[in-house]
Amino acid sequence: MDKFIDRKNTSSVKWDGMKAVFGKDDLLPMWVADMDFRPPEPVLEAMKHRLGHGIFGYTIVGECTENAIVSWIKKRHRWEIKPAWLMYSPGVVPSIGTAIQAFTEPGDKVLLQSPVYTPFFNMIENNMREVVNSPLQMKNGRYEIDFNDFEEKLKSGVKLFLLCSPHNPGGRVWTKDELVTMAELCRKYGVIIASDEIHADLVAPPFKHIPIGSLEPSYADFTLTFMAPSKTFNLAGLQSSFMVVPNEDMRKKISGIHMKEGFFTLNTFGTIAMEAAYLHGEQWLDDVLAYIRSNIEFVKTELAANLPELEVIEPEGSYLIWIDCSKTGLEDKELREKLLEKGKLAVNFGDAYGPGGENFIRLNIACHRSIVEEGLKRLKQAFS
Ligand SMILES: Cc1ncc(COP(=O)(O)O)c(C=O)c1O
């Protein structure tokens, strides 16, 4: 990863899609959550090999791929799942939509914890369900859950809880105690948990991701977990993800929605890449995690020295740095103008993540160090 790769003119959302989103494209892209790194070499080799065959008809997700997923989850997350629990989806956001349709009716309440990944709101609202928010509380520079509020919201008739674990953009890797408390409260009020764990693999010691469904066998009855190799190995364009659904009745309901959608299998290359990544990508991932960590430390040091009014919320997982800009005294609109017009830097703006996201920006540092350096220069320029 220590090699800059030009991604312009590859139809990359991050590099080529800025005009549509920001109205201009003379920006340095440190927004959308994908990495500027090539995936593990064995993934590319497996894809080339498959390409050489030359026929790309409908593809099944075979036993080898399922075993690769099962082994990966056992090894990296100490969770023994069964191949029969796996269901597939082109992405985690589509899985969220499927879960909303399978387990709620129009008008039902769906709980989330803001500030949170924008499509959580969109998927609830686009499916005509009601967003119920139990906002995270910032305490000493770290987000925490207000469990009294969480319980009050569950009590109000919530049907489904969309958990973001690890949390994007808040950077939290939830502890065992926090996960158990959330799960027990959901059990008490009969609420199904749909846990978006797409960032699960991007966690390094001392933090440890724990899949909520793994904590206790009985949680299997009311949890579904969404995972993917897309963030982990930078394969988002291959549109392949999976759900872990231990409860058979829940699997039937999800199948029912898939039948309505006409969805039945994954993309050929997505399947090939997923299998190769889980079988052979571990060392690559550990190297990437170390590179990401050094980029995070670099950003923290530079901001502390040069822009102390910007406060980094420690990312316990993933490669997205959530930065509190409220001490600059700028409103969101001004913040946007300064960054886009003066700094020429594309970041995600916090107000898109719901209540509590105002005055924050989200910076993606899964890129070559030279881009991070340039990004920091531009941040300084924006606030100069
Ligand atoms: C928490 C979270 N869920 C889901 C996604 C996107 O998932 P997919 O591309 O599989 O739909 C992202 C991408 O940034 C994310 O951060």
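None of the values given here were measured: they were computed from a predicted structure. As the structure lists them, so they are numbered: ligands from 1, and atoms in each ligand from 1.
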### Query
How about Asn127 and Gln101: do any of their side-chain heavy atoms sit closer than 4.5 Å?
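Asn127 vs Gln101: side chains touch.
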
### Message
Does any part of the side chain of Lys74, heavy atoms only, come nearer than 4.5 Å to the side chain of Trp79, both counted from C-beta?
### Response
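No. Closest side-chain heavy atoms not under 4.5 Å.
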
### Query
Nearest protein heavy atom to atom 5 (C) of ligand 1, by residue and atom, and its distance?
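Minimum-distance protein heavy atom for atom 5 (C) of ligand 1 reads Tyr117 OH, 3.2 Å.
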
### Taking atom 7 (O) of ligand 1 as the reference point, the nearest protein heavy atom with its distance
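For this ligand atom, the closest protein heavy atom is Ile198 CD1, 3.3 Å.
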
If we count only N and O atoms by modelled type, under 3.5 Å, do the side chains of [X] and [Y] hold a donor and an acceptor together?
| X | Y | value |
| --- | --- | --- |
| His209 | Asp201 | no |
| Asp287 | Gln283 | yes |
| Ser218 | Arg187 | yes |

With a 4.0 Å cut-off on heavy atoms, is [X] in contact with ligand 1?
| X | result |
| --- | --- |
| His199 | yes |
| Pro94 | yes |
| Ser241 | no |

### Message
For Ala228, which part has a heavy atom under 4.0 Å from ligand 1: side chain, backbone, both, or neither?
### Response
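Contact part for Ala228 vs ligand 1: neither.
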
### Query
Is the CZ atom of Arg142 crowded by more than 12 outside heavy atoms at less than 6.0 Å?
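Yes, because the 6.0 Å sphere around CZ of Arg142 holds more than 12 heavy atoms from other groups.
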
### Query
Can an N or O of Arg362 be found at a distance shorter than 3.5 Å from an N or O of ligand 1?
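There is no such contact.
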
### Message
Polar contacts were defined as any N/O atom of the residue lying under 3.5 Å from an N/O atom of the ligand; does this apply to Asn168 and ligand 1?
### Response
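It does: an N or O of Asn168 is found under 3.5 Å from an N or O of ligand 1.
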
### Message
Determine whether the aromatic ring centres of residues Tyr88 and Phe263 are separated by less than 6.0 angstrom.
### Response
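Here the rings of Tyr88 and Phe263 have centres that are no less than 6.0 Å from each other.
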
### Message
Under 4.0 Å from atom 9 (O) of ligand 1, can you find at least one protein heavy atom?
### Response
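No.
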
### Query
Could you go step by step and tell me if Tyr291 and Phe37 meet the ring pair (Phe, Tyr, Trp, His ring centres under 6.0 Å) rule?
CA-CA 11 Å; Tyr291 194 86; Phe37 310 138; 5.5 Å; yes

Ligand-residue contact atoms, ligand 1 with [X], heavy atoms, under 4.0 Å:
| X | value |
| --- | --- |
| Gly91 | 10 (O), 11 (O) |
| Ala33 | 14 (O) |
| Cys164 | 1 (C) |

### Task
Working to the nearest 0.5 Å, report the span between CG of Asp286 and CZ of Arg76.
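It comes to 4.5 Å.
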
### Query
Hey, looking at atom 3 (N) of ligand 1, which of Asp196, Val92, Val93 has the closest heavy atom?
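Answer by nearest heavy atom: Asp196.
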
